[in-house]
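Some notes on the structure that comes next.
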Amino acid sequence: MNAWMVLLSALSGVAGAWLLYLASPQQLWSARRSSPRGLAWLGSGCLLLSLVLLLSMMGAMAAVASWMVLAMLVWTAAPFVGAWRARQRRPS
Amino acid sequence: MKIRNDVIKVYKDVHIWVGIVSGLMLFIAFYAGAITMFEKPLERWATPPSALAPPPPIERADELREAVLARHPQAAKFHAVVVQPTAEMPARVVWREPGKTRRDFTEYGASFAADGSLQVEKLARAPVAQLVDTLHQLVGLPFADAVARPIMGAVALLYAVALVSGLIIVLPTLVKDFFALRLGKNIKRMWMDVHNALGIVSLPFHLVMALTSVVFAFHTPFYAVQEKVVYPHGLPWGQHEPAPLPGPGEYRLPADELLRRVEAQLPGFEVYSFIFREDHGQLEASVTGLDVRYGTRGRTYASTHLNPYTGEVDPHDLPGHMEPWSAAVNTFFMLHFGSYGGDAMRWLYVAMGLAGAMLFYTGNLLWIESRRRKRRDGVIPGQKRSARVLGCLTVGVSLGCVIGISATLAATKWLPGQADDLAAWHEGIYYAVFFAAVAWAFVRGAARGADELLRLAALATLLIPLGSLAGIWGIGGTWNHHGAGFAVDATALAAVPVFLLLAHHTRKRMLEGHADSVWSAKHEPAVDPGASPQEVAVSK
């Protein structure tokens, strides 16, 4: 597998999952939520790109599984990262 | 989605009780499982250096093989040519001599000494990585496999029930609360959100783990049923094409030529070894390795038959070349082992495994918080005995597992010079530390116990790289492989501040948090739960 393609698919996967978190009404990362619909479209596009890149490099099942595990991990971590940022924002 | 409250309550009760029964065993399975993702590097780090001379190049593998078979003809039944020798497999040619059972065997390796003579060594792979894997497989139970495995299967079934019931509980608010993490004064709400954040999006991962674990636990009964229902003439075990015979003018190809031909046929497949079995003059060969683009149903490698005279690979058993049904089965188990995508995917599985361990830990915290007796009229009531007991168990079992694994890993570099039965020593250290930690949690209470045991976890984990450091200086018979295993030491070192940070927060919570909690040290835990509030001593 080409290392640059792997990196690109991983980065677009992380970015896509993160953008979808930012589009959620429960996101805590940003105080002002800018255009959830736009973020959701952009996030979906990045996730799709990540999947297409993975499918071009790996077997179908391994590609889909890699993609899902990456997204699951980002979405598991996202609420905690968002909550941490919200705490930092809070005036002491 | 609307579901009747009485239905939700039933599923909530089911979820709570199956979670309480299985949660701590699943914590051990997930924590040990996360470490097992790097079983091979751990084994490499833990195996003492071999006394064999450096392996000859693969071009001389057949010369070495012939020398071995001349001196040890019994090796013909099962021997291998290793393509890339490593610390845990330090010889170019290795062979197995069977023991009492199928899984019981002794491995030997061979090399050429500087004077060209044959060197043979009994290989001594470190058993500590296998111990961690066994803890993972048997959910930490200190019983024989025959007893622990069915219990593990029952735990896996409970795990599946907990996943389904948990999903039903959150369905009515799933969309509204997706990604919600409300950190505030409502601690129960916070733990609920944390538990959901860890569990909801990773549900597919957990479902795969639960279902595959059930199969691992009960595969023998499953096969027995298949044999009765599907295969009336018996399962076709080991029925494959007979070993090929050499054609006119054909001879067994040398290992380097086999390697070239296999690499030409299977681009992307990294060859680990060639295995040869000779029986009554017939030679069977197989090739082992891994193509990370497809993964494998095994933990670390796939293998398939190979014609040793032509180098032709029979690929039907290799991921990427399988029939649809076999490919589906391969995928099912590949998803459990994370044997696809290479080391990057293994690291993702480590993170998912640790998140899974926290899912079970937070489930118990939520249960305790739900049963908290809150301060009334300035009086702090004693907490329920059940909450105190579960608090101690949660702290003792979880941190006992963490400290036990760190302690037994820390002993790795010191034991070979001091003890013979390394496997027994590693197991003894793990369980001694584990049970001592559980006892400590009950003696000190959940709050103090958690703080102290987390500090002990940091210390025990710090001892892992210190053992390697001692090896660099050659203190007390220790050793260190240059390069190999550095990641093990680095990971252990990185975990130390994490444990200390957790200990810091636990202590802060114990001293500054709500006093009406099992996690506070402000009141004595040994308060009779039946006593009236007035009888309960309050100290601040």
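Remember, predicted model here, so these are calculated numbers, not experimental data. Proteins come first, then strands; the chains are lettered A, B, ... in the order of their sequence lines, and each starts at number 1.
Counting heavy-atom pairs closer than 4.5 Å to chain B, the top-ranked of the candidates A:A83, A:A71, A:P25, A:P79 is A:P79. Listed options B:L203, B:L335, B:V194 were ranked by heavy-atom pairs under 4.5 angstrom with chain A; first place goes to B:V194. Per-residue heavy-atom pair counts under 4.5 Å with chain A were compared for B:P204, B:G199, B:G320, and the maximum is reached by B:P204.
For A:L70, the parts sitting under 4.5 Å from any heavy atom of chain B are the backbone and the side chain alike. In this structure, the portion of A:M57 lying under 4.5 Å from any heavy atom of chain B is its backbone and not its side chain. For A:L28, the part lying under 4.5 angstrom from a heavy atom of chain B is the side chain only. Looking at B:M352, both its backbone and its side chain come within 4.5 Å of chain A, counting heavy atoms on both sides. Looking at B:V208, neither its backbone nor its side chain comes within 4.5 Å of chain A, counting heavy atoms on both sides. Residue contact with chain A, scored on non-hydrogen atoms closer than 4.5 Å, involves the backbone and the side chain of B:L348 alike.
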Listing needed: what donor-acceptor pairs below 3.5 Å join chain A with chain B?
unit_1: A:Q26; atom_1: NE2; unit_2: B:K176; atom_2: O; d: 2.8
unit_1: A:G59; atom_1: N; unit_2: B:R293; atom_2: O; d: 2.8

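No side-chain heavy atom of B:F27 sits less than 4.5 Å from a side-chain heavy atom of B:L359.
Remark: A:L11 pairs with A:L7 by the side chain to side chain contact (heavy atoms under 4.5 Å, CB included) rule, at least two apart or across chains. For the side chain to side chain contact (heavy atoms under 4.5 Å, CB included) test, no residue two or more places apart in sequence or in another chain qualifies with A:A10. For B:P497, there are no side chain to side chain contact (heavy atoms under 4.5 Å, CB included) partners two or more places apart in sequence or in a different chain.
Between B:A156 and B:V214 the shortest heavy-atom distance is CB-CG2, 3.7 Å. A pairwise comparison of heavy atoms in A:L39 and A:A23 identifies CB-CB, 3.8 Å as the closest pair. Closest approach of A:L20 and A:L47 over heavy atoms only: CD1-CD1, 3.4 Å.
B:F337 and B:F216 have their aromatic ring centers within a separation under 6.0 angstrom.
Going from atom CZ of B:F360 over to atom CG of B:L365 covers 13.5 Å, rounded to the nearest 0.5 Å. Between B:L174 atom CG and B:I168 atom CD1 the span is 12.5 Å, to the nearest 0.5 Å.
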